Amino acid sequence: MRYNSALRKALIVDIEAGRELMVQIGLEEGFTSKNTLVISHFIDQLLNQLAKINKTD
């Protein structure tokens, strides 16, 4: 349980950092640019991991 809590916090930090980066890149390159979409996909993977952790608690 303590492990899940630490992992959850780390995932949330990474998700927020990814969102900030995605918006920055989106504003610079466009929200449909390849780089923006790659970051978006990575954030989706992190969100899926977070959902799995939340489901097991």
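Because the structure is predicted, anything quoted here is derived from the model rather than measured.
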What about L46 and L7, same hydrophobic cluster or not, with Ile/Leu/Val/Met/Phe/Trp/Tyr joined at side-chain heavy-atom distances under 4.5 Å? yes
CD1 (I53) and CG (N48) are apart, to the nearest 0.5 Å, by 11.5 Å
Please determine whether side chain to side chain contact (heavy atoms under 4.5 Å, CB included) holds for the pair R8 and L11, giving the CA-CA distance in whole Å, both sets of side-chain angles, and the decisive distance to 0.1 Å. CA-CA 5 Å; R8 182 181 295 111; L11 283 169; 5.8 Å; no
Report yes or no: does T36 contribute a side-chain atom to a donor-acceptor pair with the main-chain N or O of G30 at less than 3.5 Å? yes
Can you tell me how far the CD1 atom of I15 sits from the CG atom of L47, to the nearest 0.5 Å? 4.0 Å
dist K9:NZ -> L50:CG (nearest 0.5 Å) comes out at 13.0 Å
Drop me the distance from T56's OG1 to N54's CG, to the nearest 0.5 angstrom. 7.5 Å
Is there a path of hydrophobic side-chain contacts, each under 4.5 Å between heavy atoms of I/L/V/M/F/W/Y residues, joining V23 to I12? no
dist D14:CG -> Q49:CD (nearest 0.5 Å) comes out at 9.0 Å
Return each pair, listed once, that meets salt bridge (charged side-chain N to carboxylate O under 4.0 Å, His left out) where at least one residue sits in residues 19-40; pairs must be two or more places apart or across chains. E16-R19
To the closest 0.5 Å, what do you measure between CD1 (I43) and CD1 (I39)? 7.0 Å
